[in-house]
Amino acid sequence: MDNAAMATQYSEISDRLRGVLEEQAMFFVATAAADGRVNVSPKGLDSLRVLSPNRVVWLNGTGSGNESAAHVLSNPRMTLMFCSFVREPLILRLYGAARAVHEGDPDWNRLLDLFPPMLGARTIFDVDIDLVQTSCGYGVPLYELEGQRDLMPRWAEKKGEEGLRAYHRERNASSIDGLPTGLPGT
């Protein structure tokens with residue numbers, strides 16, 4: 001069997017793997033509470049930063065649900081998965097424990113400044129990575145990126161600050177399983 005096809009585990013994000021992470025326009029986040037549904041969400045919009053070999057943060061904008069925040073309050077496990085769609089075939093997973101940082105928390109402004117402005121930013125997830133794993137990605141198709149969609153920023157702009165806060169209270173205060181999300185003001 002070709003060694004490139006086998007999964008390889010690392011204790012941290014190497015410089016080479018950091019380059020792979022920073023090239024990706026999309027990644028997936030998986031979380032789960034002790035009971036209820038497992039959640040997997042796609043993320044884009046320049047929302048990930050590698051802070052060290054064992055720490056990443058990602059910015060979460062307003063969405064139709066808020067499962068990641070609810071799950072992290074209940075169980076901090078989080079997996080981030082990246083698929084290389086345009087270069088060598090590769091799947092890269094980051095396993096770790098996350099904490100949710102919300103507006104008003106001591107780290108909010110410092111971490112928010114790492115990202116381009118995002119109207120509707122609701123949570124920053126700070127993930128302590130304990131395992132990095134690569135695998136072949138031979139089954140991942142090749143795609144060409146046309147660009148990031150502008151629908152979420154346009155939607156948030158149309159809603160405005162007060163409309164976003166109302167939406168958070170109405171749609172983002174609890175998970176689909178009824179777990180609280182910890183969003184301030186909800």
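- Note: the hydrophobic cluster containing Val56 does not contain Phe115 (ILVMFWY, side chain heavy atoms under 4.5 Å, direct or indirect links).
- With contacts defined as side-chain heavy-atom distances shorter than 4.5 Å, the pair Leu59/Leu112 qualifies.
- Aromatic ring pairs are classed by plane angle as parallel below 30°, tilted from 30° to 60° and perpendicular above 60°; the pair Trp58 and Phe125 is parallel.
- With sequence neighbours excluded, the residues forming a salt bridge (charged side-chain N to carboxylate O under 4.0 Å, His left out) with Arg110 are Asp107, listed by chain and number.
- Side-chain polar atoms of Ser175 and His71 form no donor-acceptor pair below 3.5 angstrom.
- The number of heavy atoms from other shown groups lying within 6.0 Å of CD (Glu22) is above 12.
- No donor-acceptor distance shorter than 3.5 angstrom exists from the side chain of Asp177 to the backbone of Leu179, with no hydrogens or angles considered.
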Exercise for review: Evaluate the salt bridge (charged side-chain N to carboxylate O under 4.0 Å, His left out) criterion for residues Glu170 and Lys159: first the C-alpha distance (whole Å), next the side-chain angles of each, then the deciding distance (0.1 Å), finally the verdict.
Suggested key: CA-CA 14 Å; Glu170 180 184 324; Lys159 280 238 174 259; over 6 Å; no

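- Considering all non-hydrogen atoms of both residues, Ala100 and Val72 come closest at N-CG1, 4.0 Å.
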**Study point:** Check against side-chain contact (heavy atoms from CB on, under 4.5 Å), Arg93 and Val132
**Key:** CA-CA 6 Å; Arg93 290 181 180 90; Val132 177; over 6 Å; no

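- Around the CG atom of Asp35, the shell of radius 6.0 Å holds no more than 12 heavy atoms that belong to other residues, nucleotides or ligands.
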Show me the donor-acceptor pairs within less than 3.5 Å that the side chains of residues 40-50 make with the rest of the protein, sequence neighbours left out.
unit_1 : atom_1 : unit_2 : atom_2 : d
Ser41  : OG     : Asn39  : ND2    : 3.0
Lys43  : NZ     : Asn60  : OD1    : 3.1
Asp46  : OD1    : Arg49  : NH1    : 2.9
Asp46  : OD1    : Arg49  : NH2    : 3.3
Asp46  : OD2    : Arg49  : NH2    : 3.2
Ser47  : OG     : Gly44  : O      : 2.6
Arg49  : NE     : Leu114 : O      : 2.9
Arg49  : NH2    : Leu114 : O      : 3.4

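- For the pair Ala32 and Val38, the tightest heavy-atom approach, listed with the atom from each and the gap, is CB-CG2, 4.0 Å.
- Across every non-hydrogen atom of Ala25 and Leu145, the tightest pair is CB-CD2, 3.5 Å.
- Considering Asp126, Asp128, Asp130 in turn, Asp126 is the only one that fulfils the salt bridge (Lys or Arg N to Asp or Glu O under 4.0 Å) rule with Arg55.
- Surrounding CD of Glu157 are at most 12 heavy atoms belonging to other residues, nucleotides or ligands under 6.0 Å away.
- Between Phe28 and Leu80, the closest side-chain pair of non-hydrogen atoms is not below 4.5 Å.
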Exercise for review: Would you sort out whether Ile129 and Glu12 count as a side-chain contact (heavy atoms from CB on, under 4.5 Å), showing the intermediate values?
Suggested key: CA-CA 7 Å; Ile129 305 301; Glu12 62 183 31; over 6 Å; no

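- When the side chains of ILVMFWY residues are joined at heavy-atom separations under 4.5 Å, either directly or via intervening members, Met78 and Leu17 end up in a single hydrophobic cluster.
- Residue Leu92 holds its CG atom at 7.0 Å from OG1 of Thr134, rounded to the nearest 0.5 Å.
- A distance-only check finds no donor-acceptor pair linking the side chain of Glu67 to the backbone of Ala30 [under 3.5 Å].
- Among the candidates Asn66, Leu183, Thr181, the single residue satisfying the side chain to side chain contact (heavy atoms under 4.5 Å, CB included) test with His168 is Leu183.
- When the side chains of ILVMFWY residues are joined at heavy-atom separations under 4.5 Å, either directly or via intervening members, Leu21 and Tyr95 end up in two distinct hydrophobic clusters.
- Taking each heavy atom of Gly61 and Met118 in turn, the nearest pair found is CA-SD, 3.5 Å.
- Atom CZ in Phe85 sits 8.0 Å away from atom CD in Gln24 (nearest 0.5 Å).
- Smallest separation of non-hydrogen atoms from Pro89 and Gly137: CB-O, 3.5 Å.
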Practice item. Take Ile91 and Met81 through the test side-chain contact (heavy atoms from CB on, under 4.5 Å) and record every step on the way to the result. Key: CA-CA 7 Å; Ile91 297 171; Met81 185 183 78; 3.9 Å; yes

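- Considering OG1 of Thr186 and CG of Asn172, their distance stands at 8.5 Å, rounded to 0.5 Å.
- Residue Arg165 holds its CZ atom at 5.5 Å from CD of Glu161, rounded to the nearest 0.5 Å.
- Ile13 approaches Ser52 most closely through the heavy-atom pair CD1-O, 4.2 Å.
- Remark: Asp150 CG is packed, more than 12 non-hydrogen atoms of other residues, nucleotides or ligands lying under 6.0 Å away.
- Partners of Arg169 according to the salt bridge (charged side-chain N to carboxylate O under 4.0 Å, His left out) rule, which considers only residues two or more places apart in sequence or in another chain, do not exist here.
- Between the CG atom in Leu94 and the OH atom in Tyr10 there is a gap of 12.5 Å [rounded to 0.5 Å].
- When the side chains of ILVMFWY residues are joined at heavy-atom separations under 4.5 Å, either directly or via intervening members, Val101 and Val57 end up in a single hydrophobic cluster.
- Expressed to the nearest 0.5 Å, how far CZ of Arg99 lies from CG of Leu73 amounts to 12.5 Å.
- Annotation: side chain of Trp155 is in contact with side chain of Leu164 (closest heavy-atom distance under 4.5 Å).
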